[in-house]
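Comments concern the structure below.
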Protein chains: 2
Amino acid sequence: MKQGLVENAGDKGSSSLSHSQQDYLKQIFLLDHAPRGATTQILADRIGVRPASVTGMLKKLAEEGLVERAPYRAVRLTESGRRIAVELVRHHRLLEVFLFRMLGYRWDEVHEEAEALEHVISERFEQRVAELLSHPERDPHGDPIPTSELALEEDRHLAPLARLARGSRGTICRVTLQDQDALNLVEKLGLLPGTEIEVADTHPDGVSLLVAGSRFLVPTLLALHLLVVIVPGPASPHPKPRGRDRTAGGR
Amino acid sequence: MKQGLVENAGDKGSSSLSHSQQDYLKQIFLLDHAPRGATTQILADRIGVRPASVTGMLKKLAEEGLVERAPYRAVRLTESGRRIAVELVRHHRLLEVFLFRMLGYRWDEVHEEAEALEHVISERFEQRVAELLSHPERDPHGDPIPTSELALEEDRHLAPLARLARGSRGTICRVTLQDQDALNLVEKLGLLPGTEIEVADTHPDGVSLLVAGSRFLVPTLLALHLLVVIVPGPASPHPKPRGRDRTAGGR
DNA sequence: ACAAAAAGTTAGCTGCTCCTAATCCCTCTC
DNA sequence: GAGAGGGATTAGGAGCAGCTAACTTTTTGT
């Protein structure tokens, strides 16, 4: 009768959901722009449970009005579900900045710890950290941080490195990878957010890049996850083929 | 089969216990020096569950070798149980200092937030925070912080204010209260740890105190929870009556 | 010392979230 | 447009941690 829920005394919206429920909402939110939306399968992968468990939980979330669902269809958040999800995303990304800047975490270490903390911190904690960090707008991976009013500026003008034409120049803004090894590689290549790059050449299997004078190949698999602000100039990006963007939309 | 435990990838000792189990161990530890030890009833109160639930959980902890138990008797920690409990106490008190010093929490606010965070932070987080704070030895309430090797210096030489004789002088070192209102009162009276005090007089219902020139009465109920380092001098504390100390040993 | 009160325990349930196995239904291909 | 394959769902069950109610043991007060 009095059971397994999160204490969560006096928070504004993030009522009394279990950590588990919160996780589902967050993952659904993050998959919103994914090509096929938030499907049972993909959710199961991301959350680390079996598809059957996802179905069960989605039913419950639907009953609570946090999610809209039709059987065998991808699920979508309602407005109240979205609010909770964005709150969590804000917690997560603020915590990443905090761990990175204040506690000296490496950028490939922040995700895991933030994952655990995001469910547990209070509104007060969130606010104090935001102040301490001067209200950062992006986390160490370049992902935008929702405001305390839960407005999330969508990234327009950002193109995956893999889509740039030869001669394009720009600045790396986001790295949408979560795997630690991949992040380490990106760092070793010197491709952290903020890095200015120029596309020396494109091949079927990758992009040849000029960074600070040196030149190397970035395989397509990586280049799809490096989102770039393009500097308007002599060359322009390839006009994109029809259809929705195929990048995975991580974190 | 794969269930409700804490992820806890690569921590040293604090294996894979549920938050709940960790809570039990911590409370048992904190009650170690209490007059009647860790009884079912008191544990139930502190943890916020019914006595029947405590019995059940203690059985489980006993099976896992974290606790030694005989029915109808107070429970005690084994060495491995103690290690986990002290680890948690270290987390808790470090977090209190962090919230107080870095995030500007009031001292009556730190406990609640630390309670939630202590189960969730990693060894790395613990270590980085400890460094950031220059390895503090006490939390904002004056409670000693176990070292990273889990050694906890016991407080000797500390006497409850309520036991001091007229004319005794000393410095408030610990405030073993957790109720927010009580803590606020103590702060309003200017009795934070570090405050130098002198006992002007003693009554059956309280202690008359001299602090920074002004004089006021501290009711016994409060005075029992203000632990004082006595300055050796003209007056000495009442020789204590036989029997174990009766202070509750909070937090 | 013994009865009443208090504390502790047992038995039986509930809700939560996960699981496996079996079945269902959509979609895509030929 | 019919089936094959794969994703989604249902059914049934497990483990955890809590609960109430009934019972047993210890403690306490006269």
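We use all heavy atoms of the structure for the numbers below, so side chains are in, but hydrogens, waters and symmetry mates are not.
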Mind checking if [X] touches a base, just sugar-phosphate, or nothing, with heavy atoms under 4.0 Å?
X      : answer
R36(A) : nothing
T40(B) : sugar-phosphate
S20(B) : sugar-phosphate

Nearest-angstrom distance from the residue atom [atom1] of [X] to [atom2] of [N]:
X      : N       : atom1 : atom2 : value
D23(B) : dC16(D) : CG    : P     : 17 Å
L58(A) : dT10(D) : CG    : P     : 11 Å
H19(A) : dC16(D) : NE2   : C1'   : 16 Å
L61(A) : dT9(D)  : CG    : P     : 13 Å
R50(B) : dG18(D) : CZ    : C1'   : 11 Å
Q22(A) : dT17(C) : CD    : P     : 11 Å
L25(B) : dA17(D) : CG    : P     : 11 Å
M57(B) : dT9(C)  : CE    : P     : 15 Å

Nearest to the [X] side chain among [options], which nucleotide is it?
X      : options                   : answer
R69(A) : dT10(D), dT9(D), dG7(D)   : dT9(D)
T55(A) : dC18(C), dA17(D), dT10(D) : dT10(D)
A52(B) : dT9(D), dC18(C), dT9(C)   : dT9(C)
K60(B) : dG8(C), dT17(C), dA17(D)  : dA17(D)

Note to self: Using 0.5 Å steps for rounding, measure from the OG1 atom of T55(A) to the CE atom of M57(A).
What the structure shows: 11.5 Å
Next item on the list: Could you tell me the separation between the OG1 atom of T40(B) and the CZ atom of R69(B), rounded to the nearest 0.5 Å?
Entry: 7.0 Å
Between [X] and [N], is there a side-chain N or O to OP1/OP2 distance below 4.0 Å?
X      : N       : result
K59(B) : dT9(C)  : no
Y24(A) : dC16(C) : no
R73(B) : dG8(C)  : no

Next item on the list: Identify whether the distance between the nearest side-chain nitrogen and carboxylate oxygen of E109(B) and R124(A) falls below 4.0 Å.
Entry: yes
Checklist line | Note: R90(A)-E149(A) ion pair, threshold 4.0 Å (strictly below) | finding: no
Margin query: Which is more 5' along DNA chain C, the nucleotide nearest S53(A) or the one nearest Y72(A)? Just name the residue.
Written below: S53(A)
Check: Parallel, tilted or perpendicular: which fits the ring planes of F98(B) and F125(A), with parallel below 30° and perpendicular above 60°?
Finding: tilted
